[in-house]
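Here is the structure we will look at, set down as structure tokens.
Residue numbers start at 1 and run along the sequence shown. We count ligands from 1, going down the list as the structure has it; atoms in each ligand are counted the same way.
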Amino acid sequence: MRLADDEKAMLDGKEGPAVQKAMELLVRYGEALGAERLVDTNNAGGVFGGFGPATRGLSEEEVFCEFSLDSTEVVEIPSMKIFSCHFEQPMDLTHWELEGVSPEALVANKKSRAFAARIGFQLIDTCAPYLAGNVPVMGEHCAWMESSAVVYCNSVLGARTNTEGRESSTAAMITGKIPYWGYHIDENRLGTHLIEVEFDVQSTMDWGLLGYYMGEIVQDNIPVINGIRRAPTLAKLKHLGAAAASSGGVEMYHIVGTTPEAHTLEQAFGRKKPVQTLKFGKTERKLAYDMLNSANTNTEVDFVMLGCPHYSIDQVWEACKLLEGKKVKANLWIFTPSAIKELADRNGYTEIIARSGGVLMTDTCPCLGRVYPKGTRIAAVDSAKQGHYLPAILGFPTWFGSQEDCIKAAITGRWEGGLK
Ligand code: F3S
């Protein structure tokens, strides 16, 4: 890999041993990927160190060196060089007990958060960083973890990132560099598959189903969605991308007339021709719905999870309209970034949810933190991504449906959702 002078200096240790280790890691990583050079970045998002028992008994420096810099040698950790966000946590710091987190894990987490903040991590703690003030601009090179954030960054914002890991995103935070390959390069951002949409995709659930279907078919390619009749909202695009990234490995999509690199079909594909043309009509929508629901038989729901990716304020508000004056029978946990919860507190939404018996949580989610109400047997979610992972990670059957169907299930304790 060709290195610029400032990169060679870092590799030679001129900025200290931690920067040197981070640069060594980036060079190894870049060479394995076939990258010819590095690119400057001023926006990295990842997680601090490691979570769980493997890190217990280690100092914060030891955790950071071993889990983020891939080094058993412990070196002094400098402040992060660029704007660096902490994307996820294994627990909610207020509702940790309800989530089944032990006091020891809480103490360890608080210690690691304090260290992360001291060295320059912004503790936004959300998989939807664009809801909490991290909104990169068109063309900006980023180094982000988290598949749903990555697909939103590339597709909706027109910024550029691959799906980084903990080590590479941390190395970017310390050096301000990331390998120039994949989605950083213009030609790798062009569409590969054409999806002709044959009906008016409107609801958030339908956007999730479209994402789930296209991810299943195109895997890690770049779908171009054509035929959308009305502009989607942020929440709908958030669900679309998260679903496509979980059923396939979609890191970028285009919507003709909506997303910034697809004003026209020609722009979305460049000089390439689609390798395959697919349709998304009512049959495909049902197929996607059945993929998520067909294994379920028991309609007694005892846990409803909303907020994957973390809910935006309009989604919290919509949930409140359905919950106001009602009581839930099943456990209802709604997840949002802590910055949005602050707004929900001010607007009285947290209180409405609490009065119904639900809880507005932050920082984590059941799949990420392995947190869920004790005794859960059957869950319901309004996110295709959470519906995809929850049965595999936590082992309980999970219904997928609209926000309305999920809240109804929370109130009655019974799943009655379906396609309308
Ligand atoms: Fe976020 Fe968890 Fe979903 S990290 S995207 S809420 S699986």
Side-chain angles (χ1 to χ4, degrees), residues 45-48 51-52 85-93 95 99 101 109 123-132 134 144-156 161 163-166 169 204-205 207-208 211-212 215 234-251 253 292 303-313 315-316 319 332-341 358-373 376 379-396 398 400-401 403 406:
V47 293
F48 169 80
F51 299 132
C85 287
H86 199 265
F87 276 1
E88 284 137 16
Q89 284 287 339
M91 65 190 71
D92 175 315
L93 292 178
H95 300 291
E99 288 179 342
V101 172
N109 186 249
L123 300 178
I124 64 172
D125 298 328
T126 176
C127 51
Y130 42 88
L131 296 178
N134 188 344
W144 282 15
M145 276 179 77
E146 169 43 43
S147 63
S148 74
V150 164
V151 68
Y152 193 91
C153 180
N154 280 320
S155 316
V156 182
T161 183
T163 306
E164 298 300 343
R166 178 177 48 201
S169 59
T204 307
M205 179 171 98
W207 279 94
Y212 201 70
L234 179 157
K236 290 170 183 173
L237 294 178
K238 185 160 66 76
H239 278 255
L240 170 81
S246 51
S247 59
V250 173
E251 291 169 277
Y253 62 81
L292 287 158
F303 174 38
V304 175
M305 183 273 176
L306 305 175
C308 168
H310 283 174
Y311 257 8
S312 50
I313 192 67
Q315 292 179 290
V316 176
L332 171 66
W333 291 3
I334 304 178
F335 291 82
T336 195
S338 52
I340 298 295
K341 178 164 179 295
V359 189
L360 188 60
M361 295 187 173
T362 59
D363 305 329
T364 191
C365 80
C367 284
L368 181 82
R370 314 280 200 272
V371 292
Y372 54 94
T376 296
V381 298
D382 69 344
S383 155
K385 175 172 179 178
Q386 195 77 200
H388 181 87
Y389 287 122
L390 215 49
I393 294 177
L394 294 179
F396 28 79
T398 301
F400 163 81
Q403 182 193 64
C406 288

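- Classification of the Y372-F396 ring pair by plane angle, with boundaries at 30° and 60°, yields perpendicular.
- C308 is not listed as a side-chain neighbour of F335, based on a closest heavy-atom distance of 4.5 Å or more.
- If you number the atoms of ligand 1 from 1 as listed, the ones under 4.0 Å from a heavy atom of G307 come out as 6 (S).
- Under a 4.0 Å criterion applied to the non-hydrogen atoms of E146, ligand 1 contributes the atoms 5 (S).
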Discussion item. Walk me through whether T126 and H310 qualify under side chain to side chain donor-acceptor pair (under 3.5 Å).
Written reply: CA-CA 7 Å; T126 176; H310 283 174; 2.9 Å; yes
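- Distances from atom 2 (Fe) of ligand 1 to the heavy atoms of A128, C308, C127, C365 put C365 nearest.
- Not a single heavy atom of A242 sits closer than 4.0 Å to an atom of ligand 1.
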Item to complete: Run the numbers on N109 and Q89 for side chain to side chain donor-acceptor pair (under 3.5 Å), then give the verdict.
Response: CA-CA 8 Å; N109 186 249; Q89 284 287 339; 2.9 Å; yes
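- Looking at heavy atoms from C-beta onward, M305 lies out of side-chain contact with T398 at the 4.5 angstrom threshold.
- A donor-acceptor pair is defined here as one N or O able to donate and one able to accept, closer than 3.5 Å; such a pair exists between the side chain of Q403 and the backbone of Q315.
- Residue contacts with ligand 1: S383 is excluded, as none of its non-hydrogen atoms falls under 4.0 Å.
- In this structure, the protein non-hydrogen atom closest to atom 7 (S) of ligand 1 is Q386 NE2, 3.4 Å.
- Per-residue contacts place K385 under 4.0 angstrom from the following atoms of ligand 1 (heavy atoms of the residue considered): 5 (S), 7 (S).
- Of all atoms in ligand 1, numbered sequentially from 1 with element shown, those under 4.0 Å from a heavy atom of S148 are 5 (S).
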